[in-house]
Amino acid sequence: MKIVIGSLNETKVKAVKDVFSEAEVIAESVPSDVSAQPIGDEETELGAINRARKAKELHPNSIGIGLEGGVMYLHNDLYLCNWGALVSEEGQVFTASGAKIKLPAEFINKIELGFELSEIMDDYTTKKNIRHHEGAIGIFTNGKILRKDMFAHVVSLLRGQMEYWEKAD
């Protein structure tokens, strides 16, 4: 089995390798064709779908996976949101969403000014490349859930759906 993930982000690639440990996993840089900072479930999901489709196009006899992190508003609060998409070898698209946690209120203005969450997090934590390590979820869960773990959960949801529907057909 060949899996192509539409990202070079270390946490996303590791999540796919953890869930598909028996597979050949190839990482490819592909565009999401959404905003640099997706806002809302719809845009974040679309980014994941676009990445999965483009990854699969690069390696036609494969499964394409796209993972996308975004932010969303709920009751005037800002939340972290994450989506994944899997395009099967036959072209069927599966999607799943991950954990959502409330972000600090002071992030809202920066997001509205066009900053990406990764930039805000690097500034907030005075660390570099949080998105390639624990991620915002790792910071705000005190290390209980890391970005890789959150994406691995999403990838497990995707794999489970694909396997269920392959068996049902």
Side-chain angles (χ1 to χ4, degrees), residues 3-41 43-52 54-55 58 63-74 77-86 95-160:
I3 309 292
V4 183
I5 174 167
S7 177
L8 300 179
N9 181 284
E10 298 166 32
T11 58
K12 294 177 182 182
V13 174
K14 180 77 170 102
V16 173
K17 285 182 176 181
D18 285 354
V19 175
F20 287 95
S21 59
E22 77 289 358
E24 175 188 0
V25 177
I26 301 167
E28 295 279 6
S29 179
V30 298
S32 65
D33 291 336
V34 297
S35 305
Q37 178 55 71
I39 298 178
D41 278 330
E43 185 179 17
T44 309
E45 179 198 36
L46 179 60
I49 293 169
N50 290 343
R51 286 182 189 277
K54 289 173 188 288
L58 292 175
I63 293 169
I65 294 182
L67 299 169
E68 193 75 21
V71 296
M72 61 171 287
Y73 291 96
L74 180 65
D77 293 318
L78 187 67
Y79 281 78
L80 177 71
C81 70
N82 299 277
W83 279 88
L86 181 151
T95 60
S97 181
K100 291 180 165 79
I101 60 169
K102 187 175 170 184
L103 296 169
E106 62 262 29
F107 286 18
I108 294 172
N109 187 48
K110 290 181 180 180
I111 289 290
E112 291 175 352
L113 288 172
F115 288 92
E116 290 184 49
L117 181 59
S118 63
E119 298 170 302
I120 298 167
M121 286 305 301
D122 285 355
D123 185 51
Y124 182 82
T125 62
T126 65
K127 294 181 179 181
K128 294 286 182 216
N129 295 315
I130 293 289
R131 74 185 328 165
H132 291 281
H133 300 289
E134 65 266 60
I137 195 147
I139 298 297
F140 295 121
T141 64
N142 202 33
K144 301 293 185 222
I145 302 291
L146 302 179
R147 191 167 197 242
K148 173 192 70 73
D149 303 324
M150 180 204 48
F151 276 128
H153 177 79
V154 172
V155 175
S156 293
L157 293 169
L158 295 169
R159 182 176 187 166

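Identified under the salt bridge (Lys or Arg N to Asp or Glu O under 4.0 Å) test for residues 26-39, with sequence neighbours left out: Asp33-Lys54.
Looking at residues two or more places apart in sequence or on another chain, you find a side chain to side chain contact (heavy atoms under 4.5 Å, CB included) between Thr11 and Asn9, Arg147, Lys148. By the side chain to side chain contact (heavy atoms under 4.5 Å, CB included) test, Glu45 pairs with Ile49, Trp83, Thr95, sequence neighbours left out. Remark: Ala96 engages Val154, Leu157, Leu158, Gln161 in a side chain to side chain contact (heavy atoms under 4.5 Å, CB included) (not counting sequence neighbours). Here Ile139 pairs with Met121, Thr125, Lys127, Ile130, Glu134 under the side chain to side chain contact (heavy atoms under 4.5 Å, CB included) rule; sequence neighbours left out.
Using a distance-only test at 3.5 Å, with no hydrogens or angles considered, a donor-acceptor pair links the side chain of Thr44 to the main chain of Gly40. Using modelled atom types, one side-chain atom of Ser97 and one backbone atom of Asn82 make a donor-acceptor pair closer than 3.5 Å.
Closest approach of Ala15 to Ala152, counting heavy atoms only: CB-N, 3.5 Å. Across all their heavy atoms, Asn50 and Ser32 have their closest contact at ND2-O, 2.8 Å. Nearest heavy-atom pair across Tyr124 and Glu106 is CE1-OE2, 3.7 Å. The minimum heavy-atom distance linking Val13 with Leu8 is given by the pair CG2-C, 4.2 Å. Among all heavy-atom pairs drawn from Val25 and Phe20, the shortest one is CG2-O, 4.1 Å. Nearest approach of Pro38 to Glu68, heavy atoms of both residues: CG-OE2, 3.4 Å.
Taking 4.5 Å as the limit, every side-chain heavy atom of Asn129 sits out of range of all side-chain heavy atoms of Glu10.
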Using atom types as modelled, flag every donor-acceptor pair under 3.5 Å from a side chain in residues 112-120 to any protein atom, sequence neighbours excluded.
residue: Glu112; atom: OE2; partner: Tyr73; partner atom: OH; Å: 3.2
residue: Ser118; atom: OG; partner: Arg131; partner atom: NH1; Å: 3.3
residue: Glu119; atom: OE1; partner: Glu116; partner atom: N; Å: 2.7

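In this structure, the separation between CZ on Phe107 and CG on Leu80 is 10.5 Å, given to the nearest 0.5 Å. In this structure, the separation between NZ on Lys17 and NZ on Lys12 is 15.5 Å, given to the nearest 0.5 Å. To the nearest 0.5 angstrom, Leu58 atom CG is 9.5 Å from Ile26 atom CD1. In this structure, CZ on Arg159 lies 7.0 Å from CD1 on Ile3, to the nearest 0.5 angstrom. Distance CG/Asp77 to NZ/Lys102: 4.0 Å, rounded to 0.5 Å. To the nearest 0.5 angstrom, Met72 atom CE is 4.5 Å from Asp41 atom CG.
For Lys100, the NZ atom counts as densely surrounded, since its 6.0 Å shell holds more than 12 non-hydrogen atoms of other residues, nucleotides or ligands.
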Verdict with reasoning, Leu67 to Val16, per side-chain contact (heavy atoms from CB on, under 4.5 Å):
CA-CA 10 Å; Leu67 299 169; Val16 173; 4.2 Å; yes
